[in-house]
Amino acid sequence: MIDIRLVREDPERVRASQRARGEDEGIVDAILAADEARRSSLTEFERLRAEQKSFGKQVAAAKGEEKAALVAQAKATSDKVKQLQASADTASEDLDALVRRLPNVIEEGIPSGGEDDYAVLETVGAPRDFAAEGFEPRDHLELGELLGAIDMERGAKVSGARFYFLTGVGARLELAILNLAIAQAIEHGFTPMITPTLVKSDVMHGAGFLDAHADEVYRLDDDDLYLTGTSEVALAGYHADEILDLSDGPKRYAGWSACYRREAGSYGKDTRGIIRVHQFQKVEMFSYCRPEDAADEHQRLLGWEREMLAKIEVPYRIIDTAAGDLGGPPARKFDCEAWVPTQGRYRELTSTSNCTTYQARRLGIRERDPNSEKGTTRHVATLNGTLGTTRWIVAILENHQQADGSVVVPEALRPYVGLDVLRPA
RNA sequence: GGAGGUGUCGCAUAGUGGCCUAGUGCGCCCGCCUGCUAAGCGGGUUGAGGAUAAAACCUCUCGCGGGUUCAAAUCCCGCCACCUCCGCCA
């Protein structure tokens, strides 16, 4: 949710953001009208309510017949107050519903357009030339099966399509990635967190995951709970309805959790292997910071992602996601995509978003405004970014494979895997 | 799952239908006093929204949501959280 005051004060900026996203800009005028309607009905209600209250004191003081007369008189006001309150409530709800439909206002200067309109900011490292090395690279699943690391067949037997078992060195490799990520996060001052993966609907809503992509989310109907697709949700809800002290800098958490995604609408895409699955594990950075510090914090999160990618020694590129591909909460999003040799293209390994005050506003996360002498509050900014996921196994296996099907473990992972080379069983 | 209890302004507490515009103590902030500190004295101290050039001011907020009433922290219903006990279970 964005600040209604921004719509009032700078509607053109909001319209421009909607245009860049390829979304309806007429909603801005609808919001302005609804805001006007809310304020006038609120004023009307408050005026009569004040009248009712002062009249109530006269009733309390009166006795006998006089009191009976006053009570009768007060009755009429009471009905009218109820009516006005009802219409003021309706007007507020109407405005709220409209404002909640509005995605975050984009950071100025990011690319306009949709999925394919991203800008490549940087390419790091070069893909290996397997032809020059004299062998055809195997894809991650073939390697995974050869190494006894990935079992898709039994995953499907037990849970259906897009489920899998990580076995033996596969399980060790996943734990290694996640533990390396947690270790790095701790080193940089993050608080490690193991989060709930079932959350209430208001937290799911607040984090912004039930708007455009609600069909991506698993829902437990009997309990009115949702399975989270990332620990970002629980970490955003962690400080809901609190006033934080950010005077010592951002509050940074590293969440470790299983992640669940329905992958509705991706039938036929990435059906092979563990690139696109219903359940995986992730270590996610999450930061609460001051709004004016958010863009810098975003760069810091990106920096920590790059540090992790350097440790697994894979070629990758960084893209600046186009406005129309952001989703509701982010104002800007950087993805790091690793080279996947057998696909001949880059695939997302990390994603870092600056949600500015969008999530915090919905979740009621505030701080004392350092610019205010009266100690008023304001909403904080929230950001998130990936430090490691199950999918990283794909990039590691394919980029570090050798002609005999063995895989060299990147040095930084070796203490966590406990092996220098993974060899076919 | 069942029974009982509790939920008030940062903390502790008072408040059983109108005098609550929610009192008091502690803590915290500002000031006075004072060689310094403490004590003492005076004032301030939930959050949200509206109004305003800014204020004064107005409305809402006593776990959350409904209801009764001219009037609700107070009465009624539902929900949630916590505590105690019983049962069941990893």
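In what follows, chains are A, B, ... by sequence order, proteins preceding strands, each numbered from 1.
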*Under 6.0 Å from the CD atom of A:E115, do we count more than 12 heavy atoms belonging to anything else shown?*
no
_For A:R252, salt bridge (Lys or Arg N to Asp or Glu O under 4.0 Å) partners two or more places apart_ = A:E297
Would you please confirm or rule out a distance under 4.0 Å between OP1 or OP2 of [N] and any side-chain N or O of [X]?
| X | N | value |
| --- | --- | --- |
| A:T43 | B:A51 | no |
| A:R8 | B:G50 | yes |
| A:R38 | B:G49 | no |

*asked:* Does the protein touch nucleotides 57-69 of chain B at the base, only the backbone, or not at all? Give it as B, S and - per nucleotide, heavy atoms under 4.0 Å.
replied: -BBS---------
Just jot down the side-chain contact (heavy atoms from CB on, under 4.5 Å) partners of [X], sequence neighbours excluded, or say none.
| X | answer |
| --- | --- |
| A:T386 | A:K282, A:E284, A:E305, A:T350, A:S351, A:T389 |
| A:R38 | A:R8, A:D35, A:A91, A:S92, A:L95 |
| A:A161 | none |

*Write out all pairs satisfying ring-ring contact (aromatic ring centres under 6.0 Å, His included) with one or both partners inside residues 139-165 of chain A, taking only residues at least two apart or from two chains.*
A:F163-A:H278
*With a 4.0 Å cut-off on heavy atoms, is A:R368 in touch with a base, just the backbone sugar-phosphate, or nothing at all?*
sugar-phosphate
*Value in whole Å for how far the P atom of B:A48 lies from CZ of A:R39*: 18 Å
